[in-house]
Every structure is written in structure tokens, then in C-alpha cells.
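Have a look at the structure below before the remarks.
Protein chains get the first letters and strands the later ones, always in sequence-line order, with residue 1 at the start of each.
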2 protein chains.
Amino acid sequence: MSLKDVGKDSKQIVERSTRQQSSILEALYGIDEFKSAQEIHALLAKKKLKVGLATVYRTLQKMAEKEDIDAIKSTEGETLYRHCGQNDGHHHHLICNKCGLTITVEGPAIENWTEKVAKENGFSEVSHKVDIFGVCKGCRRK
Amino acid sequence: MSLKDVGKDSKQIVERSTRQQSSILEALYGIDEFKSAQEIHALLAKKKLKVGLATVYRTLQKMAEKEDIDAIKSTEGETLYRHCGQNDGHHHHLICNKCGLTITVEGPAIENWTEKVAKENGFSEVSHKVDIFGVCKGCRRK
DNA sequence: ATACTATTGGGAATGATTATCAATAAGAAA
DNA sequence: TTTCTTATTGATAATCATTCCCAATAGTAT
Ligand SMILES: [Mn+2]
Ligand SMILES: [Mn+2]
Ligand SMILES: [Zn+2]
Ligand SMILES: [Zn+2]
């Protein structure tokens with residue numbers, strides 16, 4: 001096959017793995033709280049891992065799209081990311097306003113409720129967002 | 001009482017009512033979808049009501065704090081406001097992704113669930129955020 | 001009317017996120 | 001290994017919503 005004939009056939013590479021991506025993913029392990037792209041960027045810098053800020057942003061949102069990691073918006077509007085490993089499927093969060101400690105929670109109760117409410121009102125293709133904020137036991141005793 | 005003696009006693013005025021504030025509040029009536037500060041500012045401009053953008057921002061967040069109006073964050077991170085009149089107390093939303101139509105919903109089911117989950121995990125001072133997104137009946141038949 | 005000061009508004013400043021685009025480096029093919 | 005294609009990176013500029021600044025304006029008590 002000559003070079004000219006390559007065309008579409010050579011488009012077999014879909015994605016490439018890079019040290020930047022591994023660094024970012026690794027950083028997410030070992031943390032049990034949501035972090036912003038900026039915070040993760042700083043975290044990597046502290047570990048002497050040079051990764052461009054733009055790359056951190058791009059990589060995190062790509063991972064979130066693939067649902068490899070979880071993303072939420074802080075009350076200030078920032079996007080925060082976290083690896084919620086243990087619980088791979090659909091779940092919600094219980095987040096400490098003081099220290100950021102996050103616990104994943106789930107239960108048929110809200111799932112059923114949201115489904116029922118949506119149906120009653122003629123909505124389809126529904127999704128929902130349920131997050132609980134508060135102060136964890138550890139932070140309370142301070 | 002002389003001027004010098006006025007001191008703290010003269011601090012009786014707590015808030016003042018202005019045409020800007022009324023304009024903004026009025027604009028919120030007659031709309032049944034969440035709007036951003038910018039959108040409301042444009043809306044007022046269209047009605048020939050001159051109100052500074054900064055004032056729109058300030059007023060809306062002040063109203064939201066007082067819970068005179070409701071505020072949520074769009075998926076893009078913008079703060080959106082709406083007057084959810086009929087239902088004055090705590091409630092949640094069922095929002096159409098296509099047209100923005102919003103229906104307020106409530107129920108002890110989630111209230112109890114979130115309360116229970118928080119307590120089980122030792123959290124206090126809890127609040128929660130529950131919103132359901134989907135496609136309304138009207139938008140589906142298009 | 002006068003005094004006091006809450007409120008306004010135009011524009012600068014902020015800060016997170018996105019867009020650019022040339023340089024770099026996976027990975028397939030030779 | 002060397003070459004080649006192009007996905008990915010990263011420094012920097014550009015966006016854009018929101019906040020800050022502060023002099024000018026305008027409610028309200030007296
Ligand atoms: Mn759920
Ligand atoms: Mn509730
Ligand atoms: Zn805590
Ligand atoms: Zn609709």
C-alpha cells in the first residue's frame with residue numbers, strides 16, 4: 001500500500017495515553033474530596049509534575065464526560081472533580097462545607113420520587129441532581 | 001434632641017425603595033422560567049427601563065437572600081433567578097431543558113430522605129439541592 | 001428645605017474557563 | 001529504528017459572568 005492510498009485506513013489511532021493524563025488521574029486517587037482544576041494543577045506542581053493548566057482543564061472534563069470521574073459545581077460556581085471509585089454507578093453526594101469531606105450516597109427513595117414527579121408532570125428524558133451539604137462530625141467538634 | 005445627640009438613634013432607616021428595585025421585581029412576574037441577571041437587564045432595557053447592570057446583579061442577589069425570589073445555577077454555571085410565587089416555602093424544580101419551563105415541586109419524600117441520610121452519616125446543619133431536568137410535554141411533541 | 005446616607009451606575013478589575021496555534025510526542029507503518 | 005501522521009500539549013490571549021470602586025444620585029427622617 002503506497003502512501004497515497006493510506007487515507008482513512010490510517011485513522012486507527014483514537015486516543016493516546018500521556019504522562020499528563022496519568023498524573024492527573026493518579027492525583028485524583030488518594031483524595032476523598034472534590035477539587036477544582038486549579039487545585040489539582042497546584043497539587044501536581046507541588047509533586048514536581050509539570051502539566052499545563054489548560055491540559056488539566058481539558059483532561060478533567062474529558063474524564064468527566066466519559067464518567068471516569070465525577071463532577072459537580074460548588075456553590076461559588078466552580079466545577080469540582082472527584083474520583084468516586086467504590087461506587088461506580090449513579091449516586092449522590094453528602095458534602096462537608098468545612099473540610100470538603102464527601103460521602104457517596106444512594107437509595108431508591110429519591111430515584112423513585114424524582115421519577116414519579118417527572119412522570120406526573122409529563123416530563124420525559126429526565127435526569128436529576130441531588131446533593132446534600134452540611135458539616136461533618138469531625139468538623140463539628142472543633 | 002440636638003444633632004450631636006442623634007448618634008445611633010437616627011439609624012432607623014434600614015432600606016429604601018427605589019424605582020430600580022420595583023422594575024426588577026416586576027420584570028420577574030409574568031415570567032415562568034429562570035433568567036440570568038444579564039437577561040433581566042436586557043429585558044428591562046427593552047422596556048425602556050434604565051437600570052444599571054451592577055444594580056440588577058446586586059438587587060437580584062439581595063432578593064434571593066431574603067428569599068423573595070429563587071436562585072439556581074444553570075449547567076453552564078450562570079446564576080438564574082425566578083419568582084416562584086405560588087409556592088412560598090421550601091421547594092424544588094422540574095425544569096425543561098428545551099424551553100426553560102419550570103414547575104415547582106415539593107414533597108416530604110425527599111425531605112425525609114435527605115434528613116435521614118445526613119443524620120446517619122453524622123452531618124449537621126444540612127441543606128440540600130434537588131433539581132429535576134427533562135423535556136416537557138409541549139417540547140416533546142415537536 | 002436640610003442633612004444623612006442607602007443606593008445607583010459606568011467602568012475598571014477579577015477570576016475561572018475557553019480559544020489559539022505552534023511545538024511536542026504517541027503510535028502506526030515501513 | 002526511522003519516518004510519518006496527527007493527537008495532545010502548553011504558553012498566552014481572549015471570553016465572559018460577576019464583583020469592585022467611588023463619585024453622583026435620591027429616599028427619608030426631622
Ligand atoms: Mn439519583
Ligand atoms: Mn427539599
Ligand atoms: Zn468536615
Ligand atoms: Zn419545554
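- Within the structure, every side-chain polar atom (N or O) of Gln21(B) is placed at least 4.0 Å from both OP1 and OP2 of dG27(D).
- For Thr18(B), a side-chain nitrogen or oxygen approaches OP1 or OP2 of dT8(C) to under 4.0 Å.
- Proximity of Ser74(A) to the phosphate of dA16(C): no side-chain N or O atom is located under 4.0 Å from OP1 or OP2.
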Summary of protein contacts for nucleotides 17-23 of chain C, nucleotide by nucleotide, where a base hit scores B, a sugar-phosphate-only hit scores S (4.0 Å, heavy atoms): BBB----
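- Under the 3.5 Å distance criterion, with hydrogens and angles disregarded, a donor-acceptor pair is assigned to the side chains of Tyr57(A) and Gln38(A).
- Per the geometry, CZ belonging to Arg19(B) stands 13 Å off P belonging to dT25(D), to the nearest Å.
- The distance between atom NE2 of His41(B) and atom C1' of dT8(C), rounded to the nearest whole Å, is 12 Å.
- Look at CD1 on Ile72(B): it is 16 Å from C1' on dA17(D), rounded to the nearest Å.
- A close approach under 4.0 Å does occur between a side-chain nitrogen or oxygen of Gln20(A) and OP1 or OP2 of dG10(D).
- Looking only at distances, a side-chain donor or acceptor of His41(B) sits under 3.5 Å from a matching main-chain atom of Val51(B).
- For Glu76(A) and dA16(C), the CD to C1' distance is 12 Å, given to the nearest whole Å.
- Side-chain atoms of His128(A) do not come within 3.5 Å of backbone N or O of Asp131(B) as any donor-acceptor pair.
- Listed nucleotides: dC4(C), dT8(D), dG9(C). Nearest to the side chain of Arg16(A): dT8(D).
- Side-chain atoms of Ser23(A) come within 3.5 Å of backbone N or O of Arg19(A) as a donor-acceptor pair.
- Axis angle between the ends of the helix from dA1(C)-dT30(D) to dA30(C)-dT1(D), five pairs each and rounded to 10 degrees, works out to 30°.
- Here dT8(D) presents its C1' atom at 13 Å from CE of Met63(A), a figure rounded to the nearest Å.
- Listed for the Gln61(A) side chain is no donor-acceptor partner under 3.5 Å among the backbone atoms of Arg58(A).
- The main-chain N or O of Val56(B) is never found under 3.5 Å from a side-chain atom of Thr59(B) such that the two would form a donor-acceptor pair.
- Here the OG-CD1 distance, from Ser127(B) to Ile132(A), works out to 9.0 Å after rounding to the nearest 0.5 Å.
- What separates NZ of Lys50(B) from P of dA26(D) is a distance of 14 Å, to the nearest Å.
- Remark: side-chain polar atoms of Arg82(B) are not paired, donor with acceptor, to backbone N or O of Ile72(B) under 3.5 angstrom.
- No donor-acceptor pair closer than 3.5 Å links the side chain of Asp68(A) to the backbone N or O of Ala64(A).
- Thr55(B) comes within contact range of at least one nucleobase, with a heavy-atom separation under 4.0 Å.
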